[in-house]
Number of protein chains: 2
Amino acid sequence: MLRRRGYRLTTQRRAVLDVIARSRDHLTPGEIHQQVVRRHPGVGLVSVYRTLALLADMGLICEVHVGGNCRSYLLRRPLGHHHHLVCSDCGRVVDFSDCDLGQLEKRLAEDTGYEIEGHLLEFAGRCPDCRAATFT
Amino acid sequence: MLRRRGYRLTTQRRAVLDVIARSRDHLTPGEIHQQVVRRHPGVGLVSVYRTLALLADMGLICEVHVGGNCRSYLLRRPLGHHHHLVCSDCGRVVDFSDCDLGQLEKRLAEDTGYEIEGHLLEFAGRCPDCRAATFT
DNA sequence: CCAGTTAATGAAAATTAGTTTCATTTGCAG
DNA sequence: CTGCAAATGAAACTAATTTTCATTAACTGG
Ligand SMILES: [Mn+2]
Ligand SMILES: [Mn+2]
Ligand SMILES: [Zn+2]
Ligand SMILES: [Zn+2]
């Protein structure tokens with residue numbers, strides 16, 4: 001796949017991909033680097049970052065948004081359970097409450113054996129203002 | 001609300017909350033600090049961080065998970081559009097593909113005027129293994 | 001209102017994460 | 001093979017976040 005897009009197939013890229021493919025967990029760049037170095041000492045953390053950017057860009061790896069790593073906050077307007085629709089251009093946020101995921105949640109719980117505790121749902125899009133601005 | 005939970009109502013906490021409440025955007029700790037300092041010079045960035053942690057903990061503010069700030073990756077197993085169910089204990093990830101949000105997406109688009117481009121959906125829960133481990 | 005207690009703060013250092021630069025290496029097309 | 005551009009690693013650099021600790025100030029009880 002890398003080749004097909006004109007990227008070179010280097011040992012470091014192989015190694016990073018190998019670690020990610022082997023693991024069932026999600027790993028941070030640091031963790032990936034640690035594992036890479038075991039077999040390939042000398043591989044730099046920089047290359048791990050570069051490879052991850054590349055792979056994410058190509059859609060070969062997924063990001064997981066667990067926990068409070070993401071730092072961007074706003075007031076909780078409706079105080080209860082709700083979700084966000086965020087403008088990908090200006091960042092404006094609209095809240096909404098009806099997500100109706102109970103059906104899906106129940107099925108997932110049955111299929112996987114997980115005891116589901118909650119969910120994160122966010123839509124991204126372009127707000128009316130930003131859309132208008134484009135056609136000016 | 002702070003008082004009710006036994007926390008002191010300090011000027012810095014007021015200030016942070018005030019900035020967040022005023023703004024319609026989501027703000028990073030740094031941005032919040034900048035605005036706080038305008039009216040209250042001398043307030044430390046540290047306090048902003050501490051206050052944010054507190055408020056998030058109490059559920060008074062929302063996090064927004066936009067963009068690639070979160071660094072945790074795993075191989076994209078099903079290559080197409082899909083979502084994650086993450087164990088909140090050990091981090092194990094299950095992929096699933098049927099999210100059926102078209103209905104909601106359409107309604108949101110109509111109600112808000114946003115041109116919706118995509119969504120992020122993640123469930124959190126405890127995997128069978130971790131659940132079993134509890135009852136040992 | 002006042003003093004005492006103790007949670008909360010700010011300065012500074014320490015840690016951690018991520019990016020940039022640049023000389024050197026290496027994959028790969030020819 | 002050879003040559004060259006892409007990719008790498010070391011190191012410096014920037015930015016974000018946490019820890020430590022002496023000082024301050026919010027609240028409690030009188
Ligand atoms: Mn919200
Ligand atoms: Mn996935
Ligand atoms: Zn917008
Ligand atoms: Zn688990």
Side-chain angles (χ1 to χ4, degrees), chain A residues 1-20 25-58 60-74 91, chain B residues 1-20 25-58 60-74 91:
Chain A
M1 280 211 168
L2 282 165
R3 281 262 180 69
R4 202 177 314 150
R5 308 213 184 188
Y7 295 111
R8 295 185 179 172
L9 187 47
T10 66
T11 356
Q12 318 35 11
R13 283 176 180 165
R14 272 178 197 284
V16 169
L17 207 39
D18 196 56
V19 165
I20 298 177
D25 300 352
H26 43 107
L27 304 169
T28 63
E31 290 166 343
I32 293 170
H33 180 242
Q34 285 181 348
Q35 302 208 24
V36 165
V37 167
R38 282 188 208 156
R39 288 171 178 281
H40 304 270
V43 170
L45 179 54
V46 212
S47 289
V48 173
Y49 274 109
R50 285 192 277 233
T51 303
L52 288 174
L54 191 63
L55 296 176
D57 206 55
M58 293 175 43
L60 287 179
I61 56 179
C62 313
E63 297 175 4
V64 177
H65 295 250
V66 66
N69 302 37
C70 304
R71 302 277 186 149
S72 202
Y73 303 93
L74 74 166
Chain B
M1 279 210 167
L2 283 166
R3 282 264 180 67
R4 201 176 315 151
R5 308 212 186 190
Y7 294 112
R8 295 184 179 173
L9 187 46
T10 66
T11 356
Q12 343 353 39
R13 284 176 179 164
R14 271 178 197 285
V16 168
L17 208 39
D18 195 56
V19 165
I20 299 177
D25 300 351
H26 42 108
L27 304 168
T28 62
E31 290 165 343
I32 293 169
H33 180 242
Q34 285 181 349
Q35 302 208 25
V36 165
V37 166
R38 282 188 209 156
R39 289 173 177 279
H40 303 270
V43 170
L45 179 53
V46 215
S47 288
V48 173
Y49 273 106
R50 286 191 276 233
T51 303
L52 288 174
L54 190 63
L55 296 176
D57 206 56
M58 293 175 42
L60 287 179
I61 55 179
C62 313
E63 298 175 2
V64 177
H65 295 249
V66 66
N69 302 38
C70 305
R71 303 274 184 149
S72 201
Y73 302 93
L74 74 166

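So that the names make sense, note that chain A is the first sequence line, chain B the second, and so on, each numbered from 1.
As a whole-Å value, the separation of B/H33 NE2 from D/dA15 C1' is 15 Å. Straight-line distance from the CZ atom of A/R14 to the P atom of C/dG27: 10 Å, rounded to whole Å. Atom CZ in A/R5 sits roughly 20 Å away from atom C1' in C/dG27 (whole-Å rounding). Computed from coordinates, the B/L54 CG to C/dT9 C1' distance equals 14 Å when rounded to whole Å. Atoms NE2 (A/H40) and P (C/dT25) sit 20 Å apart, rounded to a whole Å. The interatomic distance linking B/L9 (CG) with C/dA7 (C1') rounds to 13 Å, in whole Å. Rounded to whole Å, atom C1' of D/dA26 lies 10 Å from atom CZ of B/R13. Atoms CG (B/L2) and P (C/dA8) sit 9 Å apart, rounded to a whole Å.
For B/D57, there are no side chain to side chain donor-acceptor pair (under 3.5 Å) partners, not counting sequence neighbours. By the side-chain contact (heavy atoms from CB on, under 4.5 Å) test, A/R50 is found to be paired with A/V46, A/S47, residues two or more places apart in sequence or in another chain being considered. Residues forming a salt bridge (charged side-chain N to carboxylate O under 4.0 Å, His left out) with A/D18 (at least two apart in sequence, or on another chain): A/R22.
A/M58 CE to A/R4 CZ: the interatomic distance, rounded to the nearest 0.5 Å, is 8.0 Å.
Proximity of a side-chain donor or acceptor of B/H40 to a complementary backbone N or O of B/A15 within less than 3.5 Å is not detected.
A/L27 places a side-chain heavy atom less than 4.5 Å from the side chain of A/Q35. Taking the side chain as every heavy atom from C-beta outward, B/L55 and B/L17 approach each other to under 4.5 Å. The side-chain heavy atoms of B/L2 and B/R8, taken from C-beta on, include no pair separated by under 4.5 Å. B/V64 is not listed as a side-chain neighbour of A/Y73, based on a closest heavy-atom distance of 4.5 Å or more. Annotation: side chain of B/I61 is in contact with side chain of B/I20 (closest heavy-atom distance under 4.5 Å).
Relative to the axis of its first five pairs, the axis of the last five pairs of the helix from C/dC1-D/dG30 to C/dG30-D/dC1 sits at 40°, rounded to 10 degrees.
Nucleic acid contact for B/R3: sugar-phosphate only, since backbone atoms but no base atoms lie under 4.0 Å from a heavy atom of the residue. Here B/T11 lies in heavy-atom contact (under 4.0 Å) with sugar-phosphate atoms only.
For A/L45 against A/H33, the heavy-atom pair with the smallest separation is N-NE2, 3.3 Å.
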So which protein N/O to nucleotides 10-12 of chain C N/O distances come out below 3.5 Å?
from, atom 1, to, atom 2, distance (Å)
C/dG10, OP1, B/Q12, NE2, 3.4
C/dG10, OP1, B/G42, O, 3.2
C/dG10, OP1, B/G44, N, 3.4
C/dG10, OP2, B/G44, N, 3.1
C/dG10, OP2, B/S47, OG, 2.3
C/dG10, N7, B/R50, NH2, 2.7

Polar atom pairs between nucleotides 2-5 of chain D and protein, under 3.5 Å, N or O only, would you list them?
from, atom 1, to, atom 2, distance (Å)
D/dA5, N3, A/R8, NH1, 3.4
D/dA5, N3, A/R8, NH2, 3.3

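Note on A/T10: every side-chain N or O is 4.0 Å or more away from OP1 and OP2 of C/dT26.
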